[in-house]
Amino acid sequence: MFSGKTALITGASSGIGAEMARQLAALGCQLILVARRTERLDALAEELSKVSVQVITLDLSDPLAPQRLFDEVARRGLKVDVLINNAGFGFQKPLLAMSLEEQLGMVDVNDRALLALTRLFAQPMVERGEGWILNVSSVSAWFPIPGMATYAASKAFVQTLSRALHEELKPAGITVTTLSPGGTRTEFSCKARGKMDPSLEKAMMPVEPVARAGLLGLARGQSVVVPGMLYRFMTGLTRCLPDTWVVRLAGAVMGRHR
Ligand SMILES: NC(=O)c1ccc[n+]([C@@H]2O[C@H](COP(=O)([O-])OP(=O)(O)OC[C@H]3O[C@@H](n4cnc5c(N)ncnc54)[C@H](OP(=O)(O)O)[C@@H]3O)[C@@H](O)[C@H]2O)c1
């Protein structure tokens, strides 16, 4: 389905974004790779040189970055068929252990940039009557997490927005899919937690099936994709348990600090 299309992937310099780039390239999809680390993006572009790959270095925490990215894509004469809003990060720290700047920076990348890019790139997709948008959320979107409150709230924003847009943009021929990974072996957890808690390490999924599930869900027109049986069970369970239990449990498992 994505052969001959052009996909723009934010956060393509590592982890889930880089793996999606590899899987899309294998399908014959052209790529626009976006992140801050140019050398990583250049190396990936070289690795995937069988397809056309454009690199755009950008810091998405800058509120002007989404418009700059949209303008740069137009300046290069490219059209984006598939938008993958994957760039994001989180800190596993209590509210008062983080500066306000750190927290707002997280919201700027995880939410503000994602909303702006969705708004900008959806317009020409609607005009063409075709397009695919994959927004990367997290299982954290299902429940508030004491000890990781801002990150979980930022991903709940992604999920709520994207589920609504799935219905809103469907009549215009646009598919909007939310990918909600659980723990996935990428650089994310090192940045979020420092050293990984060994008990959580056991629940981590490799990056390949997570990226594949997201792309497959997008191709099939699914609204929400949760990769892995464990995480599907976990998100299902949150619908059966009382809210207060869910929040306390989430804090005990995912928000604990060492
Ligand atoms: N790994 C997990 O356990 C997990 C679980 C649930 C959800 N997720 C979500 O999955 C997505 C991908 O994360 P990952 O696990 O693949 O982690 P990762 O390996 O750390 O990748 C994060 C990507 O986001 C980019 N990024 C971060 N800040 C940016 C900024 N200011 N401007 C532009 N790009 C920025 C990074 O590129 P540069 O540093 O080069 O800019 C990198 O390419 C995130 O949205 C994350 O919240 C991850």
Side-chain angles (χ1 to χ4, degrees), residues 8-23 31-45 55-66 68-69 72 84-92 101-102 104-117 134-143 145 148 150-159 161-162 178-194 196-197 200-211 213-214 224-228 230-231 234-235 250 253-254:
L8 185 153
I9 307 174
T10 69
S13 60
S14 63
I16 298 169
E19 180 57 27
M20 283 185 181
R22 291 189 178 96
Q23 294 185 12
L31 299 168
I32 305 168
L33 307 178
V34 180
R36 290 168 300 181
R37 289 171 293 177
T38 315
E39 65 295 345
R40 292 276 200 108
L41 296 176
D42 284 343
L44 187 58
V55 164
I56 301 179
T57 305
L58 213 66
D59 182 350
L60 288 168
S61 67
D62 179 346
L64 301 175
R68 278 200 203 113
L69 177 56
E72 181 59 19
I84 302 182
N85 279 308
N86 162 74
F89 64 97
F91 295 114
Q92 193 188 38
E101 200 181 22
E102 274 180 315
L104 291 176
M106 201 188 319
V107 172
D108 281 341
V109 177
N110 295 3
D111 298 329
R112 188 191 173 107
L114 178 141
L115 170 61
L117 291 173
L134 182 59
N135 286 338
V136 180
S137 176
S138 166
V139 289
S140 314
W142 259 265
F143 32 77
I145 307 180
M148 213 177 177
T150 308
Y151 176 72
S154 78
K155 290 300 184 179
F157 173 88
V158 174
Q159 180 148 297
L161 176 82
S162 308
T178 312
L179 172 62
S180 292
T184 308
R185 250 173 240 115
T186 65
E187 294 171 19
F188 173 88
S189 49
C190 313
K191 290 174 199 161
R193 303 187 182 99
M196 170 63 76
D197 183 332
L200 291 176
E201 169 60 31
K202 285 190 205 123
M204 300 294 271
M205 285 184 67
V207 76
E208 294 85 358
V210 172
V224 180
V225 178
V226 180
L230 170 67
Y231 293 108
M234 195 170 129
T235 50
V253 176
M254 296 171 75

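In this chain, numbering begins with 1 at the start of the sequence shown. Atoms within each ligand, like the ligands themselves, are counted from 1 in listed order.
Not a single N or O atom of Val139, backbone or side chain, sits closer than 3.5 Å to an N or O atom of ligand 1. Distances between N or O atoms of Pro181 and those of ligand 1 include no value under 3.5 Å. In terms of polar-atom proximity, Ser14 is counted as a contact of ligand 1, with an N or O under 3.5 Å from an N or O of the ligand. Between Gly183 and ligand 1, no pair of N/O atoms sits closer than 3.5 Å.
In this structure a side-chain-to-backbone donor-acceptor pair under 3.5 Å is present from Ser137 to Lys155. Counting only distance, with no hydrogens or angles, the side chain of Gln92 and the backbone of Met254 share a donor-acceptor pair below 3.5 Å. Looking at Asn86, its side chain does come within 3.5 Å of a backbone N or O of Gly11 through a donor-acceptor pair. In this structure, Thr184 contributes its side chain and Gly182 its backbone to a donor-acceptor pair below 3.5 Å.
Neither the backbone nor the side chain of Arg40 comes within contact range of ligand 1; no heavy atom lies under 4.0 Å. Within the 4.0 Å heavy-atom criterion, neither part of Ser140 lies near ligand 1. At a 4.0 Å heavy-atom cut-off, ligand 1 touches Val109 through the side chain alone.
Remark: ligand 1 atoms within the under-4.0 Å shell around heavy atoms of Gly15 are 16 (O), 19 (O). Contact atoms of ligand 1 toward Ile16: 10 (O), 15 (O), 16 (O) (distance under 4.0 Å to a heavy atom of the residue). Residue-ligand proximity, Glu187 to ligand 1, at heavy-atom distances under 4.0 Å covers atoms 19 (O), 20 (O). Atoms of ligand 1 found under 4.0 Å from any heavy atom of Leu58, numbered from 1 in the order shown, are 32 (N), 33 (C). When each atom of ligand 1 is checked for a heavy atom of Asp59 under 4.0 Å away, the hits are 30 (C), 31 (N), 32 (N). The distance from ligand 1 to the heavy atoms of Ala12 drops below 4.0 Å at these ligand atoms: 43 (O).
The minimum heavy-atom distance between Ala21 and Leu33, with the atom names listed, is CB-CD2, 3.9 Å. Nearest heavy-atom pair, Pro181 versus Val210, reported as atom, atom and distance to 0.1 Å: CB-CG1, 3.8 Å. Of all non-hydrogen atoms in Gly214 and Leu179, the two that sit nearest each other are CA-CD1, 3.8 Å. Listed here is the closest heavy atom pair of Met106 and Phe89: CG-O, 3.3 Å. Contact detail for Ser138 and Gln159: the closest heavy-atom pair is O-OE1, 4.4 Å. Closest non-hydrogen pair, Arg68 versus Asp62, comes out as NH1-OD2, 3.0 Å.
The shortest heavy-atom distance from Ser180 to ligand 1 is not under 4.0 Å. Not a single heavy atom of Arg185 sits less than 4.0 Å from an atom of ligand 1. Using a 4.0 Å heavy-atom cutoff, Ser61 is listed among the residues neighbouring ligand 1. The shell of residues lying under 4.0 angstrom from ligand 1, judged by heavy atoms, includes Gly182. Under the 4.0 angstrom criterion for non-hydrogen atoms, Thr10 is not in contact with ligand 1.
Checked options Leu31, Leu69, Ile84; the residue passing with Leu8 is Leu69 (criterion: side chain to side chain contact (heavy atoms under 4.5 Å, CB included)).
With atom 40 (O) of ligand 1 as the reference point, the heavy atom nearest to it among Ser13, Gly105, Ala18 is part of Ser13. Nearest to atom 23 (C) of ligand 1 by heavy atom, out of Ala35, Pro227, Gly11, is Gly11. Which of Ile84, Val136, Asn86, Leu60 comes nearest to atom 45 (O) of ligand 1 through a heavy atom is settled by distance: it is Asn86.
Contact check for Asn110 versus Tyr151: side-chain heavy atoms found under the 4.5 Å cut-off.
The neighbour count for Glu101 CD, taken as heavy atoms of other residues, nucleotides or ligands under 6.0 Å away, does not exceed 12.
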